[in-house]
There are 2 protein chains.
Amino acid sequence: MAIRHSILALLQDKARYGYELRSEFEARTGAVWPLNIGQVYSTLDRLERDGLVTREGADGEGHVIYSLSPAGRDEIGGWLSTAVGREAPPRNELAIKLSLAATLPGTDLPAIIQEQRGASLAKLQELSQLRKDVSGAPRTADTARLIVLDSLVFQLEAELRWLDLCEARLVHTGQIAAVLPDAGPAAAG
Amino acid sequence: MAIRHSILALLQDKARYGYELRSEFEARTGAVWPLNIGQVYSTLDRLERDGLVTREGADGEGHVIYSLSPAGRDEIGGWLSTAVGREAPPRNELAIKLSLAATLPGTDLPAIIQEQRGASLAKLQELSQLRKDVSGAPRTADTARLIVLDSLVFQLEAELRWLDLCEARLVHTGQIAAVLPDAGPAAAG
DNA sequence: CGACACATGTAACACGTTACATGATTTG
DNA sequence: CAAATCATGTAACGTGTTACATGTGTCG
């Protein structure tokens, strides 16, 4: 529902056309979460069908303009004033993967964890650099970008700490041997 | 693709039937990420169509058993040995919401942040309690559950820290006034 | 003129959710 | 016997992705 509501939020500011909605969305979430233009149009169709937006004729340049209906104004007001539900968090593919790998035979858990650490760390460094670049000249659109980047950085940092914890837990339950920096030959399974 | 691969992972252990696959999945991700039984059957249909699983006749109790094909074994091997891609992280509704709210007029940012803090904190406490219960007697299935719970707890803690940062950033850019614990009357917008 | 950005769509497909239908077996 | 659990499906719908089709305007 994020896209649906994002479109309503942007229309709350003023009436806009499809292509413009994508531009405004991507100006904020940018390279991180691109938005397919086809989805904008089909979402606008559904929003009109549901009575949340109204399709105006043209705007002088011939653009197909959409504006918020009263029902749409209610909807977006509710979205903004109500917290994003954390009762049913979206599935986390990585958590599912480790959860399965840890309880099924024939998986190399330390390798999986190490592999993931590499990927997550690489992305974290890339994001940190991006954040540094963006925070240089904080224009209006960059405020939005910073918020998104901060979010991703915090999530990735948490992911890395979680990977450490998983490794520690598995050592503790004896599922894998502790990996010491300069370990000599240890007893293998 | 998480469900698709989870089913393959469970089949790697041994041949199973639909209902059993759901049970095994939910034994690990449990109350957090329930799995609709209908989706199991339709996913199995697609997996069979794609040649990743083979539908065996019955198993003595009359169950519709599926087993991994060689192609399926390759597929799940690849999934387990390759890190979950962090290049295109899934959209975060909350990050999008704050990003939009911070750059559109007519939004009460402090209220949104405070509202979210309440919801996230409540969920965090619920999860912490759950984690305490589960970690009491670490049976095999509980290892999987713990991994999932740890993941959620870490993500929520990161979310709360991120909310603090957002507030601080907005104070810094002058978008909102600093909220002090025992603040007297301050200049309002 | 050719490439690229602007602009609006449609179609096919994958994935996910909810609800419905149907029947066997188990348990109070 | 009634209710719950086990077990296998189908149908409708919403959301999201990718690719395709089409046409205008601008810039080198």
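Proteins get letters first, then strands, A, B, ... in listed order; numbering begins at 1 in each. On a predicted model such as this, the values are computed, not experimentally measured, just so you know. Values below: every heavy atom of this structure, side chains too, minus hydrogens, waters and symmetry copies.
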Side chains of residues 38-46 of chain B: which donor-acceptor pairs under 3.5 Å do they make with residues two or more places apart or in other chains?
{"residue": "S42(B)", "atom": "OG", "partner": "G38(B)", "partner atom": "O", "Å": "3.1"}
{"residue": "S42(B)", "atom": "OG", "partner": "Q39(B)", "partner atom": "O", "Å": "3.3"}
{"residue": "T43(B)", "atom": "OG1", "partner": "Q39(B)", "partner atom": "O", "Å": "2.7"}

Applying side chain to side chain contact (heavy atoms under 4.5 Å, CB included) to I112(A) and K97(A), what does each step give before you reach the verdict? CA-CA 9 Å; I112(A) 293 175; K97(A) 179 176 164 179; 4.0 Å; yes
My understanding is that only residues two or more places apart in sequence, or in another chain, count here; which of them pass side chain to side chain donor-acceptor pair (under 3.5 Å) with [X]?
{"X": "R86(B)", "value": "E159(A)"}
{"X": "Q116(B)", "value": "S120(B)"}
{"X": "S67(B)", "value": "E56(B)"}

Hey, does [Y] have a side-chain heavy atom less than 4.5 Å from the side chain of [X]?
{"X": "P34(B)", "Y": "F25(B)", "answer": "no"}
{"X": "L47(B)", "Y": "Y66(B)", "answer": "no"}
{"X": "L163(A)", "Y": "L98(A)", "answer": "yes"}

Might you work through the side chain to side chain contact (heavy atoms under 4.5 Å, CB included) test for L170(B) and I113(B), ending with a clear yes or no? CA-CA 11 Å; L170(B) 296 171; I113(B) 292 175; 4.1 Å; yes
Outermost nucleotides of DNA chain C that come under 4.0 Å of a non-hydrogen atom of chain B: dA14(C) to dT18(C)
Strictly distance-based, threshold 3.5 Å: is any side-chain N or O of S128(A) a donor or acceptor partner for the main-chain N or O of L124(A)? yes
Does H63(B) have a side-chain nitrogen or oxygen under 4.0 Å from the phosphate oxygens OP1 or OP2 of dA7(D)? yes
What residue pairs, at least two apart or across chains, pass salt bridge (charged side-chain N to carboxylate O under 4.0 Å, His left out) with a residue in residues 21-37 of chain B? R16(B)-E24(B), E24(B)-R28(B)
Residue pairs fulfilling salt bridge (charged side-chain N to carboxylate O under 4.0 Å, His left out) with at least one residue in residues 100-127 of chain B, sequence neighbours excluded: R117(B)-D164(B), R117(B)-E167(B), K123(B)-E126(B)
From CA spacing to verdict: side chain to side chain contact (heavy atoms under 4.5 Å, CB included), L121(A), L156(A): CA-CA 8 Å; L121(A) 194 56; L156(A) 272 178; over 6 Å; no
Tested for side chain to side chain contact (heavy atoms under 4.5 Å, CB included) against R131(A), the lone hit among L146(A), V148(A), L152(A) is L146(A)
Strand-adjacent residues in residues 8-23 of chain B, judged by heavy atoms under 4.0 Å from DNA chain D: Y17(B), G18(B), Y19(B)
What are the atom names and distances for every N/O pair under 3.5 Å that joins the protein to nucleotides 12-14 of chain D?
none

Here the residues of residues 70-82 of chain A within 4.0 Å heavy-atom distance, strictly under, of DNA chain C are none
Below 4.0 angstrom, which residues in residues 34-43 of chain B have at least one non-hydrogen atom near DNA chain C? N36(B), Q39(B)
Check ring-ring contact (aromatic ring centres under 6.0 Å, His included) between W79(B) and all other residues, then give those that pass, not counting sequence neighbours. H5(B)
